[in-house]
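To start, the structure under review is shown below, and the notes come after it.
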Number of protein chains: 4
Amino acid sequence: MTAPSAVKAALTSQAIETPSWAYGNSGTRFKVFAQPGVPRDPREKLDDAAQVHRHTGVAPTVALHIPWDRVDDYAALARHADDLGLRLGAINANVFQDDDYKLGSVCHPEAAVRRKALDHLFECVDIMDATGSRDLKLWFSDGTNYPGQDDIRARQDRLAEALTAVYERLGDDQRILLEYKFFEPAFYTTDVPDWGTAYAHCLKLGPKAQVVVDTGHHAPGTNIEFIVALLLREGKLGGFDFNSRFYADDDLMVGAADPFQLFRIMYEVVRGGGLDPAAGVAFMLDQCHNIEPKVPAIIRSVMNVQEATAKALLVDRDALAAAQASGDVLGANAALMDAFSTDVRPLLAEVRADAGLDPDPVAAYHRSGWAEKITEERKGGQQAGWGA
Amino acid sequence: MTAPSAVKAALTSQAIETPSWAYGNSGTRFKVFAQPGVPRDPREKLDDAAQVHRHTGVAPTVALHIPWDRVDDYAALARHADDLGLRLGAINANVFQDDDYKLGSVCHPEAAVRRKALDHLFECVDIMDATGSRDLKLWFSDGTNYPGQDDIRARQDRLAEALTAVYERLGDDQRILLEYKFFEPAFYTTDVPDWGTAYAHCLKLGPKAQVVVDTGHHAPGTNIEFIVALLLREGKLGGFDFNSRFYADDDLMVGAADPFQLFRIMYEVVRGGGLDPAAGVAFMLDQCHNIEPKVPAIIRSVMNVQEATAKALLVDRDALAAAQASGDVLGANAALMDAFSTDVRPLLAEVRADAGLDPDPVAAYHRSGWAEKITEERKGGQQAGWGA
Amino acid sequence: MTAPSAVKAALTSQAIETPSWAYGNSGTRFKVFAQPGVPRDPREKLDDAAQVHRHTGVAPTVALHIPWDRVDDYAALARHADDLGLRLGAINANVFQDDDYKLGSVCHPEAAVRRKALDHLFECVDIMDATGSRDLKLWFSDGTNYPGQDDIRARQDRLAEALTAVYERLGDDQRILLEYKFFEPAFYTTDVPDWGTAYAHCLKLGPKAQVVVDTGHHAPGTNIEFIVALLLREGKLGGFDFNSRFYADDDLMVGAADPFQLFRIMYEVVRGGGLDPAAGVAFMLDQCHNIEPKVPAIIRSVMNVQEATAKALLVDRDALAAAQASGDVLGANAALMDAFSTDVRPLLAEVRADAGLDPDPVAAYHRSGWAEKITEERKGGQQAGWGA
Amino acid sequence: MTAPSAVKAALTSQAIETPSWAYGNSGTRFKVFAQPGVPRDPREKLDDAAQVHRHTGVAPTVALHIPWDRVDDYAALARHADDLGLRLGAINANVFQDDDYKLGSVCHPEAAVRRKALDHLFECVDIMDATGSRDLKLWFSDGTNYPGQDDIRARQDRLAEALTAVYERLGDDQRILLEYKFFEPAFYTTDVPDWGTAYAHCLKLGPKAQVVVDTGHHAPGTNIEFIVALLLREGKLGGFDFNSRFYADDDLMVGAADPFQLFRIMYEVVRGGGLDPAAGVAFMLDQCHNIEPKVPAIIRSVMNVQEATAKALLVDRDALAAAQASGDVLGANAALMDAFSTDVRPLLAEVRADAGLDPDPVAAYHRSGWAEKITEERKGGQQAGWGA
């Protein structure tokens with residue numbers, strides 16, 4: 001069993017990246033409900049992110065989304081982050097919201113559209129150079145809606161070509177994180193629909209290409225922790241986009257739908273050495289707070305990842321290994337469940353107190369007056385949102 | 001086996017309602033791609049619908065969506081339809097796009113919001129009185145995203161109260177068509193998630209409340225034709241919202257994803273007497289043509305329903321019944337598959353020719369110049385779309 | 001918030017029925033792995049069940065399965081149960097393991113087979129009369145494998161006829177518990193595939209017909225607690241067949257796959273008054289311990305239900321209701337999650353100690369020597385199994 | 001568009017392998033229904049297979065399953081096949097039906113069990129040497145039922161070790177076909193659950209290791225033709241196990257559940273060059289005829305594959321490519337659907353007549369008297385079945 005001090009140390013050093021877009025408005029295809037106090041520009045998103053880090057202590061970086069977070073001076077944005085005690089994290093490319101991308105971006109049948117998409121990816125690498133970001137997160141909404149609409153294999157060829165071009169453009173300390181998604185917004189084929197496709201491309205690209213696991217991007221019933229274990233074994237797990245889902249890519253708060261699954265995922269991370277910062281696994285949130293207030297929802301999400309991590313660290317691995325080796329099915333299961341059944345909130349309260357934080361981040365946030373302040377101050381202007 | 005003349009007669013008399021919103025822009029939460037020539041108001045939507053009816057001969061009615069199709073003078077709109085050889089069909093209520101509906105409409109925890117939603121439903125009945133529509137189609141996006149968010153049972157009570165109020169407001173020849181949906185936009189609970197819930201409410205309301213089956217609104221693997229057979233047996237099948245899906249509520253063209261399923265559904269309709277106009281089963285489309293041109297996509301969809309219907313009518317029911325009665329599994333399956341394997345396009349071409357129509361509606365549409373005409377004429381103004 | 005004493009009282013009075021067949025061998029279609037010490041007759045099954053009750057104190061009844069538990073003298077079997085501190089519980093009919101049932105039982109196209117199946121159901125009621133059982137649990141494996149194989153609607157007519165005949169045969173204090181199942185062993189249609197179908201039949205039958213929810217019998221993604229809430233609201237929830245699943249009807253130990261779901265289900269039971277014995281909700285296990293030792297697996301399953309129930313009882317319902325009423329999404333969710341995050345094992349240890357039981361039932365069982373005893377004594381003879 | 005003569009030639013040269021076990025009894029975990037006339041040994045299975053080939057002309061090889069088809073003299077069995085105009089096909093290993101395999105075979109925690117399983121795999125290669133079989137088909141039922149039961153990553157290590165040992169044992173013209181399966185009989189993890197896992201192992205093994213796609217082994221909603229296209233692009237598609245499913249691994253007749261999907265799969269095979277015998281793609285059936293007579297069901301299945309292949313060959317690929325290149329979504333879809341809507345039964349009747357076969361294989365089989373003959377002759381003895 002991991003020593004309590006080691007558990008605490010691991011929890012203290014964990015870093016969870018929050019995404020700039022989660023601070024803005026979002027919704028479903030039916031309706032985007034606006035919320036008071038929502039940021040109107042990237043600086044205000046960082047201001048909100050700083051509140052999350054202030055109360056949790058483990059959310060020091062913020063992912064950007066281009067063009068949603070496009071600014072004239074990225075160095076200035078990085079300085080603003082620094083002033084807030086934050087750093088800029090992964091750069092997320094967006095090649096799905098231009099009218100030209102109706103039939104795809106880097107997989108589009110027309111070379112001109114592919115070129116446009118590729119130029120955007122190059123721009124993102126330029127931005128990484130300016131922000132000092134390590135990771136280029138690539139999610140392609142490319143796919144088709146109808147059988148026959150386009151040639152599945154030719155689209156793979158185009159995808160490989162674009163990925164290769166971007167890979168060659170990467171600096172020594174930069175990575176591609178390639179995301180896969182089961183479906184949506186394409187409804188017949190998706191060009192990177194599963195971990196196998198992402199893995200096959202990353203393998204050919206080389207060591208700077210890694211797979212990112214979005215916990216909401218799988219077919220019903222998929223065993224995600226199995227994929228995590230495999231990718232860690234292959235040295236190909238670049239990171240997570242955390243969120244939770246009951247049905248499809250619901251983008252709910254991580255841990256809200258199936259906390260036991262989140263625990264099992266974090267256990268495989270721990271078991272596979274992925275919690276060691278040297279492993280390079282990025283722990284990111286990717287969520288949409290459609291109906292709940294955004295900042296406290298993100299605080300809660302960060303806490304949910306912490307709780308799952310704490311439980312994973314508490315697994316008595318010696319007892320587990322002994323039960324596994326002897327074929328003791330119930331004993332092995334019980335060893336895992338003992339950790340899951342533990343209430344780790346007191347432990348995390350202690351970790352926070354040790355770090356000079358309020359043991360209850362949500363309560364502290366509510367007391368801080370931040371919600372009232374932004375509701376008051378952020379009037380006028382255009383709220384940030386998925387399309388903004 | 002149904003006599004060829006009876007098959008033709010049934011195909012000639014079939015009526016498929018097209019939805020006004022399918023003529024406008026639509027998309028996913030990620031992007032709505034605008035298309036040239038898209039209507040800018042309800043009259044232009046009817047103009048497009050008239051083209052569908054002109055070339056197929058079986059799409060004489062158009063469903064309206066309130067408030068998207070709200071006009072000052074519904075009688076004038078009905079006259080415009082009449083001038084085009086059309087009639088106004090089902091009125092679809094919309095209680096999901098107002099900011100007040102963030103946590104629900106008729107199931108909302110606050111009485112004031114519920115009242116607002118109910119007033120909208122009453123307005124829809126008023127519109128039905130003006131348009132002469134028979135059907136009020138009710139789809140509630142009501143639900144919750146997080147466990148605990150609201151009380152499941154209390155929401156059912158509120159739902160029942162609203163439905164009762166609307167039911168009592170109906171005229172003698174008016175009906176409620178209650179739609180169910182597995183999920184989206186709510187991601188934890190949906191207040192009418194399955195046919196059983198819709199059925200239970202309709203049963204209590206009375207004979208003027210019927211269930212509508214949207215073919216895209218089921219859990220993975222659900223046997224939809226079974227539900228159709230059951231609802232027909234119970235006298236509770238009010239109609240269909242046709243579309244097709246590979247994953248969730250993809251809203252693709254009906255018949256595009258699984259033409260065999262569509263055939264099986266239509267077979268149960270035929271077998272259960274649902275093709276008889278007296279049965280009151282409304283055959284409606286409910287689709288989103290996100291990336292394909294809308295008018296020809298709707299023409300194609302109508303044709304897909306016709307083809308499935310034709311195949312269903314061609315089933316040799318005597319042979320089928322004999323094989324079923326004798327436990328001849330392969331023989332019974334073969335009897336059904338024989339009809340499905342038949343190429344019914346020549347038969348439908350004949351039916352169209354008999355009706356004075358071009359045997360190839362899609363080609364006729366393309367030759368008609370309508371696409372070019374609306375692209376040219378419908379410039380400026382605000383295109384209709386899901387939120388418009 | 002429920003007072004601690006009331007929580008303890010509720011936990012003490014909870015009764016969880018274990019199924020005789022879970023003590024026998026089971027497996028998949030690929031292999032049944034035999035285990036040492038497995039019972040060879042119904043009396044030995046009861047002996048094992050007595051161990052579960054001895055260590056948990058909340059498993060006083062045992063469900064029988066006919067013909068697997070057919071004996072000459074049911075009164076003698078009931079006396080054996082009584083000697084062990086047990087009672088005989090629900091009678092489970094089996095109309096799926098005779099060669100005649102290849103194409104169905106009560107829905108079979110041939111009247112003779114339907115009659116044979118009905119006679120078996122009557123026999124089960126006779127056995128209930130002898131054992132004093134209240135519940136006749138009916139699960140029909142009836143269905144079809146191929147489209148066209150049989151007439152969906154005619155099969156419903158046959159089903160209704162059989163159910164009516166059995167209903168009329170029931171005594172005043174006897175009930176039908178009608179079970180639904182998504183699929184398996186039929187792979188195209190299942191004649192009672194969902195709660196809606198079961199509900200519709202039970203409604204027509206009358207108050208002595210109730211729906212039973214097997215937690216493994218739903219389409220992927222189905223919200224089971226919603227169904228529970230609805231059935232309680234309708235007064236039609238007869239009971240549960242508890243187990244858990246990751247994919248299909250996996251029949252794993254309840255709580256093993258998704259303990260949060262089990263908690264949500266038990267919360268709806270509590271909220272809907274279903275924990276009150278007067279509500280008549282039967283809490284039954286229906287599991288297959290294919291690879292793990294059976295008696296401790298059942299003990300563990302009983303404990304898992306207890307833990308979920310304890311957490312459900314600990315929900316601060318006043319706080320929850322207040323948050324719900326005010327539309328506080330995060331607050332309401334947090335109220336529910338607070339209870340789930342609580343480690344209830346100390347509370348249950350206390351409840352057991354209060355009842356004179358060992359606080360750790362699994363450890364007590366292992367110390368008891370029962371496993372060694374039955375391994376030694378139950379040699380020779382035919383082990384009980386699914387087909388035995 | 002492919003010339004008619006080329007279409008016919010391709011259909012004539014197609015070879016579909018039938019599995020010996022499909023001629024024996026099979027069932028679900030609930031019941032195996034015995035059928036009259038079922039073979040009692042491998043020679044009788046070949047006799048039945050010869051009937052399938054006799055009437056279809058495209059089923060010249062038969063897959064064996066070891067130990068179900070273990071004989072003393074494989075050369076004699078091969079001669080019997082030869083006398084019947086057949087050849088022995090793939091050897092299917094079975095490491096799931098021995099009591100030792102309760103917790104796995106090559107992934108088992110105990111080295112002794114792994115060694116036993118590996119010895120069986122070596123035996124299968126020995127049999128291939130004797131029968132002249134090219135393919136060793138490996139399906140591992142290995143997995144776990146409960147979280148924690150065993151170490152996911154360690155099991156991968158064990159799997160890789162066993163595969164490497166077998167790979168090294170292969171002759172120059174022998175291959176491993178590695179099968180993946182979503183779930184069953186393991187219900188929490190499966191050690192080869194998806195194409196990505198199989199692909200990753202095959203890639204490391206080398207060119208003689210290929211992935212086999214069982215059409216029933218995927219998560220709900222998985223786009224199988226996409227996987228087919230990818231594996232062909234990677235040169236890693238070793239073959240198919242054809243069957244069809246509505247829910248899980250239902251093992252129904254191929255083409256019975258979704259003939260459009262089968263067509264799309266065959267289209268990707270054609271498009272990717274997989275129909276060329278030089279591509280080495282094995283077209284095998286893997287089905288369970290639980291309730292329907294086996295020989296005619298297999299004939300029908302072979303015909304279903306032929307019909308899908310014929311439709312795939314009829315796609316006007318020039319028209320399709322032109323529509324795809326120009327972004328004509330509806331035109332491209334229509335090009336594909338035109339082929340699917342075609343009734344190819346007359347074409348196949350012609351192909352058969354050209355080959356001197358009866359144009360209607362099912363009718364010819366029924367007229368042949370084979371069913372009556374085997375029912376009469378195969379009395380006594382032990383029928384072959386899944387466990388036999």
Side-chain angles (χ1 to χ4, degrees), chain B residues 102-103 108-110 144-154 156-157 182-183 188-190 193-200 203 218-223 225-230 232-234 260 264 267-268 271-272 315 320-321 323-327 329-330 332-337 340, chain C residues 102-103 108-110 144-154 156-157 182-183 188-190 193-200 203 218-223 225-230 232-234 260 264 267-268 271-272 315 320-321 323-327 329-330 332-337 340:
Chain B
K102 190 168 75 168
L103 303 181
H108 195 284
E110 285 180 39
T144 64
N145 275 4
Y146 291 101
Q149 179 187 325
D150 200 0
D151 189 278
I152 293 173
R153 182 164 171 165
Q156 289 294 313
D157 295 338
F182 186 48
F183 81 99
Y188 168 54
T189 57
T190 293
D194 54 20
W195 80 265
T197 307
Y199 168 80
L203 204 62
H218 301 85
T222 301
N223 186 323
E225 60 268 29
F226 182 90
I227 296 173
V228 169
L230 252 68
L232 277 168
R233 183 175 178 269
E234 301 283 336
F260 182 46
R264 298 192 311 262
Y267 173 71
E268 292 303 329
R271 187 266 178 251
V315 172
L320 181 63
Q324 290 173 340
S326 65
V329 175
L330 291 173
N333 178 243
L336 198 79
M337 296 310 290
F340 180 68
Chain C
K102 190 168 75 168
L103 302 181
H108 195 286
E110 285 179 41
T144 64
N145 275 4
Y146 290 101
Q149 179 187 325
D150 201 1
D151 189 278
I152 294 173
R153 183 164 172 164
Q156 288 295 311
D157 295 338
F182 186 46
F183 81 100
Y188 168 54
T189 58
T190 293
D194 54 21
W195 79 266
T197 306
Y199 168 80
L203 205 62
H218 301 84
T222 300
N223 186 323
E225 60 267 29
F226 182 90
I227 296 172
V228 169
L230 251 68
L232 277 168
R233 183 176 178 268
E234 301 284 336
F260 182 45
R264 299 193 311 263
Y267 174 72
E268 292 304 328
R271 187 264 177 254
V315 172
L320 180 64
Q324 288 173 342
S326 65
V329 175
L330 291 173
N333 177 244
L336 198 78
M337 295 310 291
F340 180 69

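For clarity, every value in this text was computed on a predicted model and none was experimentally measured. A, B, ... follow the sequence lines: proteins, then strands. Residue 1 opens every chain. Side chains included, hydrogens not; waters and symmetry mates left out as well; all remaining heavy atoms used.
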Side chain from CB out, backbone as N, CA, C, O: work out which of these in B:Asn145 comes under 4.5 Å of a heavy atom of chain C, or both, or neither. neither

Could you pull out all residues at least two apart from B:Glu234 that satisfy salt bridge (charged side-chain N to carboxylate O under 4.0 Å, His left out)? C:Lys204

Which atoms of C:Arg233 approach chain B - backbone, side chain, both or neither, heavy atom under 4.5 Å: both

Atom CG in B:Asp194, atom CG in C:Leu230: separation rounded to 0.5 Å? 7.5 Å

Under a 4.5 Å heavy-atom cut-off, does chain B meet the side chain of C:Phe260, its backbone, both or neither? side chain

Has B:Asp151 got a side-chain atom pairing as donor or acceptor with C:Gln324's backbone, closer than 3.5 angstrom? no

Choice from B:Glu110, B:Met337, B:Glu268 maximising heavy atom contacts with chain C below 4.5 Å: B:Glu268

Below 4.5 Å from any heavy atom of chain B, which atoms of C:Ser326 appear? Answer side chain, backbone, both or neither. neither

With chain B as the partner, which of C:Thr189, C:Ile227, C:Asp157 has the greatest number of non-hydrogen pairs under 4.5 Å? C:Asp157

Under a 4.5 Å heavy-atom cutoff, which of C:Ala334, C:Pro193, C:Ala321, C:Gly272 has the most pairs with chain B? C:Pro193

All heavy atoms of C:Phe226 vs all of B:Thr190, minimum pair found to be CE1-O, 3.3 Å

Heavy-atom pair of closest approach, residues B:Phe182 and C:Thr222: CZ-N, 4.0 Å

Where do C:Gly148 and B:Leu320 come nearest, in terms of heavy atoms and distance? O-CD1, 3.5 Å

If you count heavy-atom pairs within less than 4.5 Å of chain B, which of C:Tyr146, C:Phe340, C:Phe183, C:Tyr188 leads? C:Tyr188

Using non-hydrogen atoms and a 4.5 Å limit, figure out which bit of C:Ala200 sits close to chain B: side chain, backbone, both or neither. both

Which region of C:Leu203, side chain (C-beta onward) or backbone (N, CA, C, O), has a non-hydrogen atom less than 4.5 Å from a non-hydrogen atom of chain B, or is it both or neither? side chain

Of all of C:Leu103, C:Asn223, C:Thr144, which one pairs up most often with chain B through heavy atoms under 4.5 Å apart? C:Asn223

Counting heavy-atom pairs under 4.5 angstrom with chain C, the leader among B:Ala229, B:Pro220, B:Gly327 is B:Pro220

With a 4.5 angstrom heavy-atom cut-off, could you sort out which part of C:Ala325 is near chain B: side chain, backbone, both or neither? backbone

Scanning both residues in full, the closest heavy-atom pair of B:Ala219 with C:Ala219 reads CB-CB, 3.4 Å

Is B:Asn333 close to C:Gln149 at the side-chain level, that is, under 4.5 Å between some pair of heavy atoms? no

